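Below is one structure, written out as structure tokens; the observations come after it.
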Amino acid sequence: MPSATATPDLFAAEPPPSPSTAWLGPQTAVLRGFALPAAGLLLDGIARIAAQAPWRRMQTPGGYTMSVAVTNCGAFGWTSDRRGYRYGAVDPLTGHPWPALPPALLQLAGEAAAAAGFGGFVPDACLVNCYAPGARLSLHQDRDERDFGAPIVSVSLGMRATFLFGGLARADKPVPVPLEHGDVVVWGGVDRLRFHGVRPLHGAPHPVLGERRINLTFRRAG
Ligand code: MD3
Ligand code: FE
């Protein structure tokens, strides 16, 4: 049984995490600056993805327009419209398959997952979120994936944001966690279905990305 302590013994057989690893939950690790060495490659990859599958603000089933703009890469992409949320192989905007997952992104996701105790993670979907000032993500669970056995790896680029780390019930009071350019969060196992969100973006522009925050979430969807 996984314990609820900050440094779980279930990872005793794993290599020691780097000193900048913080555990938010039994199986949720924040790897500070983990993506910094790859940031240039990641931004190149994102530019190529957005050229093929343009940024768009999706409709929710409730009829709202999301404040976050999204695109996807990988075999499956996440979409939302008035009919609901789903993963699909085709971009409804272009009618083409989603762009392939760039190898640099796939490698980073696997390395981050392994550093957090999830060996052998091979994502088949990457949702790319773009926040302008004021954009937010209300409290939700990620439950559209087929298999909750795989973790999710999140990479933050650009402006700092306040991530809200909740519990397994919507009513559990979320803990605010600042996420900076280059930070990676990995969550799975007992933490896979935690509620989470992102506070409205505000504050200083990023030296490279300007008034934007981009978040990549690597998932096993199919
Ligand atoms: C969930 N994205 O796309 S991921 C999403 O920054 C999404 O754009 C956010 O939620 C974003 O579905 C946040 C970061 C994250 C970190 C730790 C978690 C989500 C988590 C721990 C448990 C559950
Ligand atoms: Fe989410």
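By convention here, the first residue in the shown sequence is residue 1. Counting convention: from 1, in listed order, for ligands and their atoms alike. Small disclaimer: the values here were computed from a predicted structure and weren't measured.
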Anything under 3.5 Å between a donor and an acceptor, one on a side chain of residues 112-136, the other on a protein residue two or more places apart or in another chain? List them.
residue	atom	partner	partner atom	Å
Asp124	OD1	Ala221	N	2.6
Asp124	OD2	Gly222	N	3.0

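Using a distance-only test at 3.5 Å, with no hydrogens or angles considered, a donor-acceptor pair links the side chain of Asp191 to the main chain of Gln27. For Thr71 (side chain) and Ala53 (main-chain N/O), a donor-acceptor pair under 3.5 Å exists by modelled atom type.
Taking the side chain to side chain contact (heavy atoms under 4.5 Å, CB included) definition, one finds that Pro207 meets it with nothing, sequence neighbours left out. Partners of Leu93 under the side chain to side chain contact (heavy atoms under 4.5 Å, CB included) rule, at least two apart in sequence or in another chain, are Pro54, Arg56, Asp91.
Taking the six-membered ring where the residue is Trp, Trp78 and Tyr85 present parallel rings, their angle staying beneath 30° rather than reaching 60°.
Protein residues are said to neighbour a ligand when one of their heavy atoms lies under 4.0 Å from it; for ligand 1 these are Thr28, Leu127, Asn129, Tyr131, Leu137, His140, Asp142, Ser154, Phe163, Phe165, Val185, Trp187, Asp191, Arg194, His196, Val198, Arg213, Asn215, Thr217, Arg219.
At the Fe ion (ligand 2), the angle from NE2 in His196 to OD1 in Asp142 is 90° when rounded to 10°.
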